[in-house]
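Keep in mind that the numbers below use all heavy atoms, side chains included, and drop hydrogens, waters and symmetry copies. Numbers here are sequence positions counted from 1.
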Amino acid sequence: MASKLLRAVVLGPPGSGKGTVCERIARSFGLQHLSSGQFLRKNLRGGGGRGAGGCSRVVGFSSITPFPPLLMAPFSCGAHTGFPRTLGQAEALDRICELDLVISLNIPFETLKDRLSARWVHPASGRVYNMDFNPPHVQGVDDLTGEPLVQSEDDRPEAVAARLRKYKDAAKPVIELYKSRGILHSFSGTETNKIWPYVYTLLSSKIPPVLSDEEN
């Protein structure tokens, strides 16, 4: 049976770079990266909407536990990204595993608005492209399949502001909860590359890395 390595969540508003940070954690610390969003798209296609599909990602593995509350299939309980989003979800997570730390990404509103408005997605896989800093090789199509990319209704400029306000209202009590427990670590900036070294240093104090910061 695998032993516990780390239990953590990465919080942040839409477009804050949670997925990128999650992937770097997986590479740097030798952890498995599972996307519950991809699982939901595959198993709940045609239902659930963005609220389900964009729920979270998972990094790491230890004891096998159910993933709360939308995903009841077994997942490795390691480091979860983008979940919980509400106080109710945080309480549900408490009933499954005790967190070691919470990483909160604080990105300026204008930066998020620009990122989200430039984001396009390959629906079948969930691969995300940004036309400013991570564009596809051929405009408008997925690099691996050649299938068309789409822009979510939620990523259209007119919808972004409402999404960010909704996140801020819902996340505030979650952040206060973890702050009161002394496990919240907040990182501010406009670029993931500049935030990442601080996240790497924090995690290196908890578990041994398999790659140096320079190798990632």
Side-chain angles (χ1 to χ4, degrees), residues 1-40 54-107 126 167 170-189 192-213 215-216:
M1 180 180 295
S3 60
K4 172 184 171 183
L5 295 178
L6 177 73
R7 299 180 191 269
V9 297
V10 180
L11 303 177
S16 59
K18 297 185 296 296
T20 300
V21 169
C22 185
E23 290 166 1
R24 290 187 178 187
I25 291 173
R27 289 197 303 269
S28 295
F29 295 91
L31 304 179
Q32 186 178 1
H33 183 189
L34 303 174
S35 171
S36 60
Q38 184 174 348
F39 177 90
L40 283 167
C55 176
S56 57
R57 291 181 177 85
V58 182
V59 175
F61 53 90
S62 51
S63 57
I64 302 299
T65 62
F67 189 77
L70 295 174
L71 263 175
M72 301 312 294
F75 271 90
S76 302
C77 189
H80 302 271
T81 310
F83 182 97
R85 290 188 175 187
T86 67
L87 189 58
Q89 290 177 355
E91 292 169 347
L93 184 57
D94 279 344
R95 293 192 289 271
I96 289 175
C97 62
E98 181 180 353
L99 297 177
D100 298 306
L101 62 88
V102 174
I103 295 170
S104 178
L105 304 178
N106 301 320
I107 314 298
Y167 170 84
K172 184 176 180 179
V174 178
I175 290 172
E176 290 299 322
L177 172 67
Y178 293 135
K179 183 177 180 180
S180 71
R181 294 180 181 176
I183 60 173
L184 181 72
H185 301 266
S186 297
F187 301 94
S188 301
T192 302
N193 285 342
K194 293 183 178 180
I195 293 175
W196 167 248
Y198 298 100
V199 175
Y200 180 89
T201 298
L202 169 66
L203 290 172
S204 295
S205 70
K206 307 293 183 182
I207 54 177
V210 297
L211 293 178
S212 68
D213 189 17
E215 290 177 297
N216 196 330

Taken to the nearest 0.5 Å, the spacing of S16 OG from Y167 OH works out to 6.5 Å
Shortest non-hydrogen pair, Y178 vs A90, comes out as OH-CB, 3.6 Å
Under the salt bridge (charged side-chain N to carboxylate O under 4.0 Å, His left out) rule, collect the residues that match up with K172, sequence neighbours excluded. none
I195 pairs by side-chain contact (heavy atoms from CB on, under 4.5 Å) with which of T20, I107, I103? I107
For N106, enumerate each residue passing the side-chain contact (heavy atoms from CB on, under 4.5 Å) test, keeping only those at least two apart in sequence or located in another chain. S104, S186, S188
Where do L87 and V174 come nearest, in terms of heavy atoms and distance? N-CG2, 3.4 Å
Indicate yes or no: at least one non-hydrogen side-chain atom of K206 is less than 4.5 angstrom from one of D100. no
Which residues share a side-chain contact (heavy atoms from CB on, under 4.5 Å) with K194, sequence neighbours left out: E191
Quick check: do T192 and F187 have side-chain heavy atoms less than 4.5 Å from each other? no
Distance (rounded to the nearest 0.5 Å) between L203 CG and I25 CD1: 5.0 Å
Measuring only between side-chain heavy atoms, which start at C-beta, is V9 closer than 4.5 Å to K18? no
